[in-house]
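Beneath this line is the structure, given in structure tokens, with notes to follow.
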Amino acid sequence: LLLSGGRGGRGNGRFKTSTNRAPEHHESGEAGEEHWLQLELKLMADVGLLGFPNAGKSTFISSVSHACPKIADYPFTTLHPSLGVVSIEADRSFVVADIPGLIEGAAEGAGLGIRFLKHLQRTRLLVHVVDVGGGTEDPVEAIRSIEAELERYSDSLSKQTRWLALNKLDLLPRTEWKSKVDSVVQALGWSGPAYGISAVTGEGTDEMAREIMSYLEAQAETT
């Protein structure tokens with residue numbers, strides 16, 4: 001119970017007597033409590049995508065699901081959260097959420113992504129999408145920068161289970177793919193799952209989606 005209603009007044013029927021069968025008298029009720037509330041809707045998804053703008057999150061969600069977010073080769077293409085359903089088999093699926101990309105200083109309000117980080121707090125797994133295809137950002141520094149923003153924003157969100165999706169391998173010679181993934185993992189001292197993928201070509205995305213599904217199912221069995 002958020003607010004209490006006011007006491008109701010007695011109607012004219014309560015003043016009916018043997019000599020006054022149709023009374024016109026009644027009592028006014030009392031006003032109840034009033035208060036302005038601001039409600040925030042948090043999207044419900046199993047998996048949340050995060051990363052810098054133009055890391056390929058929207059391309060990834062369109063690759064593994066039927067979602068159709070706006071995709072372009074410039075930052076801040078995604079302005080609103082997108083949801084996609086990833087179907088592994090007829091009776092096995094999960095929901096993934098894509099939010100606008102984060103930038104350094106997001107925890108202090110810079111950029112757009114901070115406005116939507118709340119949507120990731122109800123997910124069971126975070127997938128950190130990183131451009132390793134030779135973009136302007138060093139992949140290791142990009143990952144550490146996002147980690148720092150998560151810690152500043154929410155201690156619980158920074159401790160949430162997170163996997164790495166090292167994206168845009170298609171921009172590198174295939175012979176360099178494994179060494180690129182290994183070098184990022186080693187530089188970070190990363191002990192969690194890390195997948196080398198190309199969201200554009202679909203390389204590695206199906207395998208990652210299946211691993212995510214298995215992880216979510218295992219988590220459901222232990223809760």
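Atom set for the values below is all heavy atoms of this structure, side chains included, hydrogens, waters and symmetry mates excluded.
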**Fill in**
Heavy-atom closest pair (Glu211 atom, Trp163 atom, distance to 0.1 Å) is O-CH2, 3.6 Å
**Request:** Taking the side chain as every heavy atom from C-beta outward, state whether Gln121 and Tyr153 have any pair of such atoms under 4.5 Å apart.
**Result:** yes
**Request:** Kindly give the cluster partners of Val200, where membership spreads through any ILVMFWY side chain lying under 4.5 Å from a current member.
**Result:** none
**Prompt:** With sequence neighbours left out, which residue pairs that include part of residues 182-199 fulfil the side chain to side chain donor-acceptor pair (under 3.5 Å) condition?
**Reply:** Asp170-Ser198, Lys178-Asp182, Ser198-Thr201
**Message:** If you define the side chain from C-beta out and look only at heavy atoms, does anything of Ile146 sit under 4.5 Å from Phe52?
**Reply:** yes
**Request:** Kindly determine whether Val64 and Phe60 satisfy side-chain contact (heavy atoms from CB on, under 4.5 Å), including the steps that lead there.
**Result:** CA-CA 6 Å; Val64 298; Phe60 176 79; 4.1 Å; yes
**Prompt:** Got a donor-acceptor contact below 3.5 angstrom from the Ser145 side chain to the Glu141 backbone?
**Reply:** no
**Asked** In terms of hydrophobic clusters joined by side-chain contacts under 4.5 Å, are Val140 and Ile197 together?
**Response** no
**Request:** Report the C-alpha separation of Glu203 and Arg174 in whole Å, then their side-chain angles, then the decisive distance to 0.1 Å, and conclude whether the side-chain contact (heavy atoms from CB on, under 4.5 Å) test is met.
**Result:** CA-CA 11 Å; Glu203 183 79 32; Arg174 182 175 285 271; 3.5 Å; yes
**Prompt:** Rounded to the nearest 0.5 Å, what separation is found between the CG atom of Leu150 and the CG atom of Leu126?
**Reply:** 7.0 Å
**Item:** Worked verdict on Lys168 versus Val132 for side-chain contact (heavy atoms from CB on, under 4.5 Å)
**Value:** CA-CA 6 Å; Lys168 301 190 181 183; Val132 297; 5.5 Å; no
**Message:** Between Arg144 and Glu147, does any NZ, NE, NH1 or NH2 come within less than 4.0 Å of an OD or OE carboxylate oxygen?
**Reply:** no
**Item:** Gap between atom NZ of Lys57 and atom CG of Leu50 - 0.5 Å precision
**Value:** 8.0 Å
**Asked** Which heavy-atom pair separates Val86 from Ser65 by the least distance, and what is that distance?
**Response** CG2-CB, 4.0 Å
**From CG (Leu125) to CD (Gln219), nearest 0.5 Å** = 8.5 Å
**Prompt:** With the 4.5 Å side-chain cut-off for hydrophobic clustering, are Leu164 and Tyr215 part of the same group?
**Reply:** no
**Message:** If hydrophobic clusters are built by linking Ile, Leu, Val, Met, Phe, Trp and Tyr wherever their side-chain heavy atoms come under 4.5 Å apart, do Val127 and Ile143 end up in the same one?
**Reply:** no
**Candidate pair Leu166 and Val184, rule side-chain contact (heavy atoms from CB on, under 4.5 Å), full reasoning** = CA-CA 9 Å; Leu166 305 179; Val184 172; 4.2 Å; yes
**Item:** Under 3.5 Å: donor-acceptor pair, side chain of Ser63, backbone of Thr59
**Value:** no
**Asked** Rounded to the nearest 0.5 Å, how far apart are CD of Glu30 and CZ of Arg7?
**Response** 4.5 Å
**Message:** Could you report the tightest heavy-atom contact between Met208 and Ala165, atom names first, then the distance?
**Reply:** CE-CB, 3.7 Å
**Complete:** The reported gap from CG in Asn167 to CG in Leu169 (rounded to nearest 0.5 angstrom) is 7.5 Å
**Asked** Can you name the nearest heavy-atom pair linking Gly202 to Thr205, along with the distance?
**Response** O-OG1, 2.9 Å
**Asked** Testing Val95, Thr123, Ile212 for side chain to side chain contact (heavy atoms under 4.5 Å, CB included) with Val47, which one passes?
**Response** Ile212
**Request:** Take atom CD of Glu89 as the centre, draw a 6.0 Å sphere, and report whether it contains more than 12 heavy atoms from other residues, nucleotides or ligands.
**Result:** yes
**Prompt:** Under the salt bridge (charged side-chain N to carboxylate O under 4.0 Å, His left out) criterion, do Glu151 and Lys159 qualify, and how do the steps go?
**Reply:** CA-CA 8 Å; Glu151 290 174 1; Lys159 294 178 180 178; over 6 Å; no
**Asked** How long is the span from the NZ atom in Lys180 to the CG atom in Leu172, to the nearest 0.5 Å?
**Response** 6.5 Å
**Item:** Donor-acceptor contact present, side-chain Arg124 to main-chain Leu216, <3.5 Å
**Value:** yes
**Request:** Please name the pair of heavy atoms, one in Gly56 and one in Ala199, separated by the smallest distance, quoted to 0.1 Å.
**Result:** O-CB, 4.2 Å
**Request:** Kindly give the heavy-atom pair with the smallest separation between Met213 and Phe94, and that separation in Å.
**Result:** SD-CD2, 3.7 Å
**Request:** Apply salt bridge (charged side-chain N to carboxylate O under 4.0 Å, His left out) to Glu207 and Arg210, showing your working.
**Result:** CA-CA 5 Å; Glu207 176 190 355; Arg210 288 184 176 278; over 6 Å; no
